[in-house]
Structure formats: C-alpha cells, structure tokens
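To start, the structure under review is shown below, and the notes come after it.
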Amino acid sequence: MEKETICVQAGWQPKNGEPRVLPIYQSTTFKYETSEQMGKLFDLEESGYFYTRLQNPTNDYVAAKICELEGGVAAMLTSSGQAATYYSVFNICETGDHCIMSSTVYGGTFNLLTCTMKKMGISCTVVDPDWSEEELEKAFKPNTKCVFAETIANPALVVLDIEKFARVAHAHGVPLIVDNTFATPINCNPFKWGADIVTHSTTKYMDGHAMSVGGCIVDSGNFDWTKYPDKFPGLCTPDESYHGIVYTEKFGKLAYISKATSQLMRDLGSIQSPQNAFLLNVGLETLPLRMERHCYNAMKVAEFLESHEKVAWVNYPGLASNKYHELAMKYMPNGTCGVISFGLKGGRSAASKMMDGLKLAAIVTHVADARTCVLHPASHTHRQMTDEQLIEAGVAPDLIRFSVGIENVNDIIADLSQALEQCD
Ligand SMILES: *Cc1c(COP(=O)(O)O)cnc(C)c1O
C-alpha cells in the first residue's frame, strides 16, 4: 500500500461486528482463564497482554501503523519523544559505553546524551554533521555503541547525509539511530538510506494538533547484532532478569524492540497512555495531507521572507539558495517540513518586537502542528545553553523558529508582513 493508504487503513483491522474505529483499551490489566496461561506470558513463552505498562492493544495498533509507514519490522510507542530517544540509546548502551551524536540535534537530546546519560556512565562525543567520513571516523572508540542524528535538525534545519552517517557507523560495527520527527515518514524513510533505528517525537507532525505528547521507536530489523556479541551483550547474552532469555535467539529480527519492551518499559515505565495513542492515530490519518500543505505554505513563507528588506537571512532547505538544498532534494524530493528559521537585520531585539507583533502566529514552545507558531530558541528552548553551544548546535542567537501551519498561506504572510512593519 502507498503511504496515504497506510495512514488511513493500517493498524487496527476490525473483524466481523467489531468497532470500525480503533477502540481505546482503557484498561490497566487483562483477564486470563487459568493461572498457567498467565504464567506463560510472564515467561515470554506466549505473547499476550497482561499489564498496560508493558503493552496495550491500542498502542500496539498505532505502533504497527508507524512501523509500516517507516518500513520497519517492529515498533513501540513511548510516553514522549524524550523517552523514545532515551530508550533507543539505553537499550544498547550501558555504563562504560560511548555514543556519537550530531551537534545539531534537538536541545532535549543534547542534554540527555551529554549531561544526564553521562551521570549514568555513558559518554558522548559530539560531531559536526557536515564533517567528512574521515573526520567522523576519529570520533569512534572501541566502546562506541551507536551513532545518533536527526533527518532535519530542530531548529538548525541541517539536513543529514544519512548514507554518509550509515556508512561510517556500519564500518565500526554500530547502528545508526535517526530521529525522523521533522521529516516524518511521509517525506523521508531513513531505513531506505541505511539507518537502523528510527525514533519520533509523535508530539509534532504525527499528532499534528498539539494535543498529546508521545514518542515512537521503530527497528528496521537490518542491524545484525549477533555479528558483534561482545559489543551488544544485552541483546546477545542471557538476560538474568528474564530467566536467561537471549533476545537475538528468541526473537530474531524483533530482538531490539522485544528487549526495549520487556526490559526497559517493564523497569522504567514510560508507556504512552492509550488515550494519547488514540489521538495520535487520528492525527496519522491526515498526516500526508497536512505535510503536503505544511511544505507548500513553508516554501511560500520562506520566499516571502527571503525577499523582505528587514530579513537578514532565511534558512529553509526547500529554498534553492540553501546550503542543504541538494541533500534535501536527494532525501526528501517531495518536501522537507513546515519549519523555517530566520534572523532579522535588527538582531535579537528586533526579533522580540516582531514576535510580539504577530497576531495569527502564536508564541508557544511547541512546533510542527496545524497552527502557525513561533519561538526564539536562544530565549526559550535553548536558554540553558552557552553562546558557544548555541553556535555549535546551529542555533544563532538571533534565530527565530517559525513553524508554518496549514492555514491559508496568504493570511500567514499578511501576519508576518504587519509584524515586520512594526520592528526596526
Ligand atoms: C520535540 C522533539 C523531541 C522530544 O520530544 P517530546 O515529545 O517533546 O518529548 C525529540 N526530537 C525532536 C526532533 C523534537 O522536535
């Protein structure tokens, strides 16, 4: 099936007399006839639901839809994008291990990998996504377990050369994890280009209506963990906390997600609520329509800004003048995303004044939903970062992040136009 069809039809497949729409299994627990049946579930001898912290049918049907959209073999929902990022790395890294991360990743990911996970004994080397393969090679160590990057970086809008990153990661026997939040599976499938694991903040375009926080991890099933049993003991040697199960032996290509569910979700518990999964599913049904409009509108807004006298610079990978245009055309020929960043000739103070003058575009922390919104990362989301870190992350102090919604683009441009008139 094509993606538009998958978005509407995949996941929940009602049988005779069942509800047409995916039901919300609003139940913490599931009933069994015999004690033995329940026992088999706990031994992972049989598959079935027993407690929503581990798995819930509503969540699983939605995860199955996202899995199909990405072309993976298994997927799981998490309570947030942050939980997805954390689990995706922690599933294969433990104390004493090392990971490599692109410098332009989302601020929350930057903090998680460089600060919080450091306290857990997992170190991280930050690399410039534009480095050559030779330069990237230097970041690898014998204890490196994964490489993490974003398809289109939030908010730097740097487009990742996925094939380059995959080649370098695989040459060192580690998987490439790609956060595909901004591109969405509609505009890019990182697995097609060699990525092994994909993560999402479903809070953004997938939900699309700023209603529910959530995340997702999808496994391509392509990375052969058994080739490096010493590197990935968590997947290739017995799990003491599960009667000595070896995930790669028992679950084959499903090993990575099976471990993340039966171990990390069991112990850390960042499950998505079935209510949120239901809302996410409604969002997914219209994702292709919305992405098309987001990209169309963003292109028009970027062109308007590029020709405006008060605008110093515009960053949108869809623009032919953009540094990443060629990579964007290769990996996302149908469009990138609806987010634009730009700076004003008047700098930081003009940015604040312009933002205060906006009537339709709202100042919110959020990004990537149906309503046009705006944010100044240096004052808001990236406030805790030093100027040096900001620049390394591709976030200029004067950068305005403008998330173009699906309203009529003439109204969005009129709003920007009147707000720009008010600033110096
Ligand atoms: C928002 C975001 C996250 C974090 O997701 P939450 O759902 O807010 O926890 C991770 N990566 C990217 C690219 C994001 O935009």
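Order of listing sets the numbers, starting from 1, for every ligand and every atom in it.
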Closest protein heavy atom to [atom], given as residue, atom name and distance to 0.1 Å:
| atom | answer |
| --- | --- |
| atom 7 (O) of ligand 1 | T203 OG1, 2.6 Å |
| atom 6 (P) of ligand 1 | G81 N, 3.3 Å |
| atom 12 (C) of ligand 1 | D179 OD2, 3.4 Å |
| atom 4 (C) of ligand 1 | Y106 CE2, 3.4 Å |
| atom 5 (O) of ligand 1 | S201 OG, 3.0 Å |

Within the 4.0 Å heavy-atom shell around [X], which atoms of ligand 1 are there?
| X | value |
| --- | --- |
| S80 | 7 (O), 9 (O) |
| G214 | 7 (O) |
| N154 | 14 (C), 15 (O) |
| Q82 | 4 (C), 5 (O), 6 (P), 9 (O) |

- Item | Among N154, D398, N315, L375, side-chain contact (heavy atoms from CB on, under 4.5 Å) partner for S341 |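 Running side-chain contact (heavy atoms from CB on, under 4.5 Å) over N154, D398, N315, L375 with S341 returns exactly one hit, N315.
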
- Item | K204 to Y106, cation-pi by 6.0 Å centre distance and 45° axis angle |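 K204 over Y106 ring: yes.
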
[Y]/[X] salt bridge by N-O under 4.0 Å criterion:
| X | Y | result |
| --- | --- | --- |
| D97 | K145 | yes |
| D219 | K253 | no |
| E407 | R371 | no |

- Aromatic rings F140 and H172: how do their planes relate, parallel, tilted or perpendicular, breaks at 30° and 60°? parallel

- Is the closest heavy-atom distance from A83 to ligand 1 below 4.0 Å? no

- Name the option, out of H366, E150, M206, K204, that contains the heavy atom nearest to atom 14 (C) of ligand 1.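 Comparing heavy atoms across H366, E150, M206, K204, the nearest one to atom 14 (C) of ligand 1 lies in K204.
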
- Task: Would you confirm whether the ring centroid of W225 sits within less than 6.0 angstrom of the ring centroid of Y256?
- Result: yes

- Item | Main-chain N/O of M1 paired to T5 side chain as donor or acceptor, under 3.5 Å |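 Pair absent, no side-chain N/O of T5 close to backbone of M1.
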
